[in-house]
Amino acid sequence: MSFGYSIGDFIAGANLCYTFSKSISGTDCASEECREALTELGHLQHMFFQVGRWTTNPKLASETANAAAYLVISSIQLIRGFLDRTKELREKLLSGRGSNAFSDKFQRVNWALFKREEWKCLKDTLQEKRASISLLLDSARLSICLNV
């Protein structure tokens, strides 16, 4: 039984990771949490492609494919939520059209310091999702190998 996830969903997730990483790399990502979250996005992007390949395997149980797809879709929703919450601040930082130099510096400090907890939460949650997907795919590989 399939819930209607397709390879396109996984590619869209990978593209979202890429777009997000690219948009943030244009800002001053001074905090360690920000850099770690960006690294995690890169890992997750790769994982999305892996899930897309594995879900097309006819030997993979549909329940496993659906569970992996659910984890990917929930990761996409998490990333979109973060992007929505930080959209205004990211636009100000990327536009460079602050009212003055002090305002620009304040926005960068705000991004680096006050959003630190947001970055940490994003990174931690993405790591949990990636670990779950990885465990699920490893279990699927083992199951397929043992049944062959």
Side-chain angles (χ1 to χ4, degrees), residues 1-97 104 107-148:
M1 176 178 185
S2 174
F3 290 102
Y5 302 116
S6 71
I7 190 81
D9 294 321
F10 308 120
I11 292 171
N15 284 336
L16 180 63
C17 288
Y18 173 76
T19 302
F20 183 25
S21 296
K22 188 176 176 183
S23 72
I24 296 304
S25 65
T27 65
D28 186 15
C29 191
S31 73
E32 183 177 336
E33 291 81 4
C34 176
R35 288 189 303 273
E36 289 174 351
L38 288 176
T39 300
E40 195 58 40
L41 279 167
H43 295 312
L44 199 59
Q45 179 184 16
H46 178 70
M47 186 67 67
F48 286 171
F49 285 123
Q50 283 186 324
V51 171
R53 282 193 306 269
W54 268 94
T55 56
T56 60
N57 186 333
K59 294 180 180 181
L60 184 68
S62 63
E63 294 84 2
T64 304
N66 288 333
Y70 173 78
L71 288 167
V72 168
I73 299 301
S74 64
S75 298
I76 291 170
Q77 291 169 343
L78 176 75
I79 295 166
R80 283 190 180 140
F82 183 86
L83 288 171
D84 289 344
R85 285 191 312 279
T86 60
K87 180 180 181 180
E88 184 178 327
L89 183 56
R90 282 183 297 107
E91 287 174 349
K92 284 180 183 177
L93 290 174
L94 292 173
S95 70
R97 293 180 302 205
D104 289 345
Q107 293 298 335
R108 290 184 190 282
V109 169
N110 183 20
W111 184 253
L113 299 178
F114 301 124
K115 297 297 182 187
R116 179 172 270 156
E117 198 56 39
E118 288 254 6
W119 281 115
K120 183 176 179 348
C121 182
L122 177 69
K123 177 200 61 115
D124 291 346
T125 307
L126 290 177
Q127 276 182 334
E128 290 170 6
K129 299 256 185 220
R130 185 171 56 90
S132 297
I133 293 169
S134 182
L135 181 61
L136 191 63
L137 291 181
D138 288 345
S139 299
R141 286 183 193 109
L142 181 62
S143 175
I144 289 172
C145 289
L146 293 175
N147 288 330
V148 173

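Below, all heavy atoms of this structure are taken into account, side chains as well, without hydrogens, waters or symmetry copies. Nothing fancy with the numbering, it's 1 onward along the sequence.
- Heavy atoms only, all atoms of each residue included: A68 and L136 are closest at N-CD2, 3.2 Å.
- No donor-acceptor pair under 3.5 Å is formed between the side chain of S134 and the backbone N or O of R130.
- Partners of T39 under the side chain to side chain contact (heavy atoms under 4.5 Å, CB included) rule, at least two apart in sequence or in another chain, are H43.
- Judged as a side chain to side chain donor-acceptor pair (under 3.5 Å), and not counting sequence neighbours, Q45 has no contacts.
- Checked against side chain to side chain contact (heavy atoms under 4.5 Å, CB included), Q50 has the following partners two or more places apart in sequence or in another chain: H46, M47, R53, L137, R141.
- Nearest approach of K123 to E40, heavy atoms of both residues: O-CG, 4.0 Å.
- Contact between F48 and C17 at its shortest, heavy atoms only, is CE1-SG, 3.7 Å.
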Check residues 71-82 and write down every donor-acceptor pair under 3.5 Å in which the side-chain atom is one partner and the other belongs to a residue at least two apart or another chain.
| residue | atom | partner | partner atom | Å |
| --- | --- | --- | --- | --- |
| S74 | OG | Y70 | O | 3.2 |
| S74 | OG | L71 | O | 3.0 |
| S74 | OG | K129 | NZ | 2.9 |
| S75 | OG | L71 | O | 2.8 |

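- For residues 65-75, no pair satisfies salt bridge (charged side-chain N to carboxylate O under 4.0 Å, His left out), with sequence neighbours left out.
- Scored by the side chain to side chain contact (heavy atoms under 4.5 Å, CB included) test, D124 finds K120, Q127 as partners (sequence neighbours excluded).
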